[in-house]
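Reckoned from all heavy atoms, side chains included, excluding hydrogens, waters and symmetry mates. Not measured: the values here are computed from a predicted model.
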Amino acid sequence: MSFLVLLLILYIIWDVNYFIRCLFTVLAGRLFQGKRKVTDTTSIYGLCTSQDVDIFLRHMNNARYLRELDFARFHFYALTNLYELVRQRGGGAVQGASSVRYRRTIPIFHPYKIQTRLIWWDDKAIYLEQTFVTLADGFVRAVALSKQCITNCNVLELMQNYPEAKQRPEMPAELKLWLDAIELSSQKLRKDK
């Protein structure tokens, strides 16, 4: 009985489902999928359930997209061994910025996949593009850009561990525009201090 009470308290205080899903996503990726190159696209699958929808119970809530992107990033880190390399150097990964462009809703009870790919990196961060694609029609429902700040490591040196990443790709135009917008926002905030 006390175990059930403890479990209930954990569910009330913490989002236990989040931690279980993180663990499941990483373990399933490591056990059932092979290692990927850091330049490969990784995919995880999901289903828009009643826990994911907005107040009208019709389609995925905007906040849920961001949560699902977390799981896809953890999966990417696990399959490419990138997070292990960062941890070996005493570093970590922190979400520095994200931008989501919603193109069309994901209706309730529709399956989808999230594809994650590394599109660029600099000395302090990696930049990921993640897409939500519904399985029934192959339509890209949302596109997200993510800046993952890597702490206590030089990312340019870190990427030298991957033969496929010896040459950094050209920065995509949309990423450059997004980073310019972030810099403008930062300059404004610095002036307000």
May I ask you to decide if [Y]'s main-chain N or O and [X]'s side chain share a donor-acceptor pair within less than 3.5 Å?
X: S185; Y: A181; answer: no
X: R36; Y: F76; answer: no
X: W121; Y: L156; answer: no
X: Y162; Y: T80; answer: yes
X: T41; Y: R117; answer: no

Minimum-distance pair of heavy atoms, taken over all atoms of [X] and [Y]:
X: Q95; Y: S146; result: OE1-OG, 2.8 Å
X: G92; Y: V86; result: N-CG1, 3.4 Å
X: P172; Y: W120; result: CD-CB, 4.3 Å
X: W178; Y: S99; result: NE1-CB, 3.3 Å
X: C153; Y: G91; result: SG-CA, 4.0 Å
X: G90; Y: N152; result: O-ND2, 3.5 Å

Does [X], at its [atom1] atom, have more than 12 non-hydrogen atoms belonging to other residues, nucleotides or ligands within less than 6.0 Å?
X: E164; atom1: CD; result: yes
X: K37; atom1: NZ; result: no
X: R58; atom1: CZ; result: no

Just verifying a value: how many Å separate [X] [atom1] and [Y] [atom2], rounded to the nearest 0.5 Å?
X: L7; Y: S2; atom1: CG; atom2: OG; answer: 11.0 Å
X: S50; Y: L57; atom1: OG; atom2: CG; answer: 8.0 Å
X: T105; Y: N61; atom1: OG1; atom2: CG; answer: 12.0 Å

Exercise for review: Any chance you could lay out the side chain to side chain contact (heavy atoms under 4.5 Å, CB included) test for L145 and I119, step after step, and finish with the verdict?
Suggested key: CA-CA 9 Å; L145 292 177; I119 57 172; 3.8 Å; yes
Check your understanding: Taking atom types as modelled, is there a side-chain donor on T49 or Q51 under 3.5 Å from an acceptor on the other?
Key -> no
**Study point:** Residue pair Q130 / Q115, side-chain donor-acceptor N/O under 3.5 Å
**Key:** no
**Study point:** Stepwise side chain to side chain contact (heavy atoms under 4.5 Å, CB included) test for I126 and Y77
**Key:** CA-CA 11 Å; I126 64 168; Y77 280 126; 3.8 Å; yes
Taking the side chain as every heavy atom from C-beta outward, state whether [X] and [Y] have any pair of such atoms under 4.5 Å apart.
X: Q88; Y: L85; value: yes
X: I106; Y: H59; value: no
X: K147; Y: C149; value: yes
X: Q33; Y: L79; value: yes
X: E68; Y: I114; value: yes
X: Q148; Y: L82; value: no
X: L66; Y: S98; value: yes
X: D123; Y: V155; value: no

**Study point:** Which residues share a side-chain contact (heavy atoms from CB on, under 4.5 Å) with R30, sequence neighbours left out
**Key:** V26, A78, E84
Review point. For the residue pair Y18 and F71, does the interplanar ring angle fall in the parallel (under 30°), tilted (30 to 60°) or perpendicular (over 60°) class?
Key: tilted
Check your understanding: Using the ring of each side chain (for Trp, its six-membered ring), is Y65 parallel, tilted or perpendicular to F132, with breaks at 30° and 60°?
Key -> perpendicular
Exercise for review: Could you list the residues that satisfy side chain to side chain donor-acceptor pair (under 3.5 Å) with D15, not counting sequence neighbours?
Suggested key: R67
Practice item. Decide yes or no on side chain to side chain contact (heavy atoms under 4.5 Å, CB included) for C48 and V53, but give the supporting numbers first. Key: CA-CA 7 Å; C48 181; V53 294; 3.8 Å; yes
Point to revise | Sole candidate of R141, H110, K113 that passes side chain to side chain donor-acceptor pair (under 3.5 Å) when paired with T134 | key: R141
Check your understanding: Quick one: do E183 and R190 make a salt bridge, cutoff under 4.0 Å?
Key -> yes
Review point. Where do L69 and V100 land on the side chain to side chain contact (heavy atoms under 4.5 Å, CB included) test, with the steps shown first?
Key: CA-CA 10 Å; L69 291 173; V100 181; 4.2 Å; yes
